[in-house]
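Working notes, structure below.
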Amino acid sequence: MKKILVATDFSSSALNAVNYAADMALAINAEIILFHIYQMPLNYSELTVAINLETARETAEIHLMELKDQLIREKDNKLSVGTELRLGSFFYELKSFCEEINPYSVVMGSQGKTATERLFFGSNSVYAMKNLTWPLITIPPQATFSKVKKIAFACDYDETAEKTPIDEIRMLVHDFKAELHILNTGKKDEYKPEIVFESRIIEEKFKDLKPKYHFITSENTDEAILDFAEKNDIDLLLIVPKQHNFLEKLIHKSHSKQLILHSQIPVLAIHQ
């Protein structure tokens with residue numbers, strides 16, 4: 001059975017992501033695993049640290065079991081729910097557990113409603129989206145799962161054929177029985193032979209899915225993508241984060257960061 005790993009800190013935004021993951025799991029016949037990280041308290045007394053750690057673990061276990069029972073009850077015992085509780089840093093433990101279970105996808109909140117939630121989700125979700133090699137879906141605070149009917153894949157045809165995880169995208173479209181929209185975020189008025197070549201490869205690889213192609217021209221690519229997604233009732237926005245070298249990081253803003261922090265639609269990152 002497919003496994004959907006959903007990270008939670010028990011906040012309202014995290015609970016929304018859990019509910020989204022639960023409904024998604026039912027739609028594709030998957031189980032979910034509630035994943036929580038608790039951290040070492042900032043205290044120099046060894047005895048106090050030991051007591052605080054034990055208290056933190058016990059409290060987290062209670063919250064996880066309550067959330068598990070609540071989900072099973074609300075989904076009429078149709079949902080398989082597991083739990084995993086770990087001590088350590090968020091990304092390291094998340095990556096470690098993913099290596100153990102090889103999840104179908106990871107789900108977590110993207111933005112948060114309070115300042116604390118925005119700090120937690122903003123930094124962790126952006127870092128995870130850039131560095132976690134498993135598919136990661138970030139869920140805005142107000143998003144709910146109904147049915148994934150339309151998936152939009154945003155790309156710029158810059159070595160896209162080589163970097164696009166074709167099989168993973170095809171599986172996703174088939175699992176949800178969704179319509180695929182491919183957004184070209186390049187510029188229409190620029191003729192580049194290599195771009196034409198890349199676009200033809202993409203068309204050939206995806207021809208069995210019969211995707212719809214769109215061209216987006218804007219000085220602000222992120223805003224244009226999000227505007228298209230909202231106006232065309234896109235249910236899931238798919239991106240392939242690109243790894244920039246150090247110099248590029250200094251001079252380019254992160255498109256994945258902008259999309260995560262401002263999107264009102266769930267964003268799925270799949271690495272090549």
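Small disclaimer: the values here were computed from a predicted structure and weren't measured.
- In the hydrophobic cluster analysis, where Ile, Leu, Val, Met, Phe, Trp and Tyr join through side-chain heavy atoms closer than 4.5 angstrom, Ile182 is grouped together with Ile166.
- The backbone N or O of Met1 sits nowhere less than 3.5 Å from a side-chain atom of Asn29 that would complete a donor-acceptor pair.
- Counting only heavy atoms from C-beta outward, the side chains of Ile4 and Ile28 approach each other to under 4.5 Å.
- For Asp76 (side chain) and Lys78 (main-chain N/O), no donor-acceptor pair under 3.5 Å exists by modelled atom type.
- Looking only at side-chain heavy atoms (C-beta outward), Lys150 and Phe176 stay at 4.5 Å or farther from each other.
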- request: Check the pair Phe206 / Val173 against side-chain contact (heavy atoms from CB on, under 4.5 Å), numbers first and verdict last.
  value: CA-CA 11 Å; Phe206 282 126; Val173 171; over 6 Å; no
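- In this structure the side chain of Phe35 reaches within 4.5 angstrom of the side chain of Glu93, judged on heavy atoms.
- Atom CD1 of Ile62 and atom CD of Glu58 lie 7.0 Å apart (nearest 0.5 Å).
- To the nearest 0.5 Å, the span separating OG on Ser13 from CD1 on Ile139 amounts to 11.5 Å.
- Connection of Tyr213 to Ile169 is established within a shared hydrophobic cluster, with ILVMFWY side chains joined at heavy-atom distances below 4.5 Å, either directly or through further cluster members.
- Taking hydrophobic clusters as Ile, Leu, Val, Met, Phe, Trp and Tyr residues chained together by side-chain heavy-atom distances below 4.5 Å, Leu94 does not share a cluster with Tyr92.
- Two residues are said to be in side-chain contact when any heavy atoms from C-beta on lie closer than 4.5 Å; Asp9 and Ile37 fail this criterion.
- One finds the CD1 atom of Ile239 at 5.0 Å from the CE atom of Met129 (value rounded to the nearest 0.5 Å).
- Using cut-offs of 30° and 60° for the angle between ring planes, the Tyr20 and Phe145 rings count as perpendicular.
- One finds a salt bridge joining Lys231 and Asp227 here, because a Lys/Arg side-chain nitrogen approaches an Asp/Glu carboxylate oxygen to under 4.0 Å.
- In summary, Glu99 and Lys95 engage in a salt bridge, as defined by a charged side-chain N under 4.0 Å from a carboxylate O.
- At least one donor-acceptor pair under 3.5 Å links the side chain of Gln142 to the backbone N or O of Gln264.
- Proximity of Asp235 to Lys147: side-chain heavy atoms (C-beta onward) are nowhere separated by under 4.5 Å.
- Atoms CG and CG, from Leu5 and Leu132 in turn, are 9.0 Å apart once rounded to the nearest 0.5 Å.
- A distance-only check finds no donor-acceptor pair linking the side chain of His181 to the backbone of Ala154 [under 3.5 Å].
- Note that CD1 of Ile234 is 7.0 Å distant from CG of Leu183, once rounded to the nearest 0.5 Å.
- Residues Leu180 and Arg170 are not in side-chain contact: their nearest non-hydrogen atoms beyond the backbone lie 4.5 Å or more apart.
- Side-chain contact between Thr8 and His63 is absent, with no heavy-atom pair separated by less than 4.5 Å.
- Leu87 and Met65 fall into different hydrophobic clusters, defined by Ile, Leu, Val, Met, Phe, Trp and Tyr side-chain heavy atoms under 4.5 Å apart, directly or through other members.
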message: Pair Arg86, Glu100 - check salt bridge (Lys or Arg N to Asp or Glu O under 4.0 Å), show working.
response: CA-CA 13 Å; Arg86 294 200 170 195; Glu100 292 180 20; 2.8 Å; yes
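- In this structure, Lys2 places its NZ atom where more than 12 heavy-atom neighbours from other residues, nucleotides or ligands lie under 6.0 Å away.
- Leu71 contributes atom CG, which lies 11.5 Å from atom CG of Asn77 (distance to the nearest 0.5 angstrom).
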field: Test log, rule side-chain contact (heavy atoms from CB on, under 4.5 Å), inputs Tyr104 and Met171
entry: CA-CA 11 Å; Tyr104 176 83; Met171 180 179 68; 3.9 Å; yes
- prompt: Please walk me through it: do Glu61 and Arg57 pass salt bridge (Lys or Arg N to Asp or Glu O under 4.0 Å)?
  reply: CA-CA 6 Å; Glu61 286 178 342; Arg57 167 172 279 279; 3.2 Å; yes
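- The shortest distance between side-chain heavy atoms of Thr144 and Asp23 does not fall below 4.5 Å.
- Both Tyr127 and Phe97 are part of a single hydrophobic cluster, where members link through side-chain heavy atoms under 4.5 Å apart.
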